[in-house]
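Working notes, beginning with the structure itself.
Residue indices begin at 1 and follow the sequence shown.
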Amino acid sequence: MACIERIARLFPLLMNRLGRLRTLVHEGRDLTDNQYKTLLTVADAGRCSLGDLARELGVAMSSASQMVDRLVGQGLVQRTPVSGNRRQVEIRLTEAGTALLAELQAGIVAGYARLLARLPETEQEGLVQSFETIARILGKLT
């Protein structure tokens with residue numbers, strides 16, 4: 001029970017601090033978090049259906065459709081009809097979407113480099129190892 005109480009106490013603090021960290025690192029980004037997650041999901045899949053995207057993002061089909069519509073309007077993703085099924089479409093990144101993700105990733109790496117430079121190397125390594133451990137353990141739970 002002590003572990004549960006500690007997690008319940010630490011989780012909101014951790015989320016708050018990670019949110020502030022994300023704000024510092026992603027400074028100047030023109031996308032919302034949901035748009036960014038959508039682009040990352042589509043990039044990871046290569047191409048996907050709207051239903052697959054909605055499931056992966058944990059949102060309703062209508063929300064996923066609206067998000068895709070906005071990204072299509074920005075020229076970052078495209079909808080391509082699936083041959084043999086005119087009701088189904090595949091969603092994939094455009095060249096502009098791929099370029100934007102690469103640019104954002106470079107900015108994120110630079111942001112983390114600026115932040116981590118504030119810490120001694122031993123603490124930098126400790127932080128990275130802690131994130132790796134958290135990601136590995138949470139991967140087992142979700």
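Under the side chain to side chain donor-acceptor pair (under 3.5 Å) criterion, N16 pairs with R20, sequence neighbours left out. Not counting sequence neighbours, the partners of R55 by the side chain to side chain contact (heavy atoms under 4.5 Å, CB included) test are D52. Residues satisfying the side chain to side chain contact (heavy atoms under 4.5 Å, CB included) criterion with L115, sequence neighbours excluded, are L21, L24, V25, R118. By the side chain to side chain contact (heavy atoms under 4.5 Å, CB included) test, E125 pairs with Q129, sequence neighbours left out. Residues passing the side chain to side chain contact (heavy atoms under 4.5 Å, CB included) test with R9 are R6, sequence neighbours excluded.
Sorted by first and then second residue, the salt bridge (Lys or Arg N to Asp or Glu O under 4.0 Å) pairs with a member in residues 63-73 read D69-R79; sequence neighbours excluded. Pairs of residues two or more places apart, or lying in two chains, never qualify as salt bridge (Lys or Arg N to Asp or Glu O under 4.0 Å) while including a residue from residues 56-68. Residue pairs satisfying the salt bridge (Lys or Arg N to Asp or Glu O under 4.0 Å) criterion with at least one member in residues 129-142, sequence neighbours excluded, are absent.
Linking Ile, Leu, Val, Met, Phe, Trp and Tyr residues whenever their side-chain heavy atoms come within less than 4.5 Å leaves L10 and L18 in two separate clusters. With hydrophobic clusters built from ILVMFWY side chains whose heavy atoms lie under 4.5 angstrom apart, F131 shares a cluster with L14. Residues M67 and L50 share a single hydrophobic cluster, defined by chaining ILVMFWY side chains whose heavy atoms lie under 4.5 Å apart. Linking ILVMFWY residues whenever their side-chain heavy atoms come closer than 4.5 Å, directly or via other members, places V42 and Y36 in the same cluster. Side-chain heavy atoms closer than 4.5 Å link hydrophobic residues (I, L, V, M, F, W, Y) into clusters, and following such links, even through other members, never connects L13 to I4.
One distance of note links OH of Y112 with CG of L127; it measures 9.0 Å at 0.5 Å rounding. A distance of 12.5 Å separates CG of L39 from NZ of K37, quoted to the nearest 0.5 Å. Here CG of D33 is found 10.5 Å from OG1 of T38. Values are rounded to the nearest 0.5 Å.
Chaining together hydrophobic side chains whose heavy atoms lie under 4.5 Å apart places L138 alongside I134, L141.
In this structure a side-chain-to-backbone donor-acceptor pair under 3.5 Å is missing from S65 to M61. Checking side-chain atoms of Q88 against main-chain N and O of V82 turns up no donor-acceptor pair under 3.5 Å. Formation of a donor-acceptor pair under 3.5 Å by the Q35 side chain with backbone atoms of T32 is found in this model.
The two residues A64 and A54 come nearest to each other via the heavy atoms CB-CB, 3.8 Å. What you find for L116 and Q124 is that their closest heavy atoms are O-NE2, 2.8 Å.
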Expected list for residues 91-106: side-chain donor-acceptor pairs under 3.5 angstrom, two or more places apart:
| unit_1 | atom_1 | unit_2 | atom_2 | d |
| --- | --- | --- | --- | --- |
| R92 | NH2 | E90 | OE1 | 2.8 |
| T94 | OG1 | G75 | O | 2.6 |
| T94 | OG1 | L76 | O | 3.2 |
| T94 | OG1 | A96 | N | 3.3 |
| T94 | OG1 | G97 | N | 3.1 |
| T98 | OG1 | T94 | O | 3.2 |

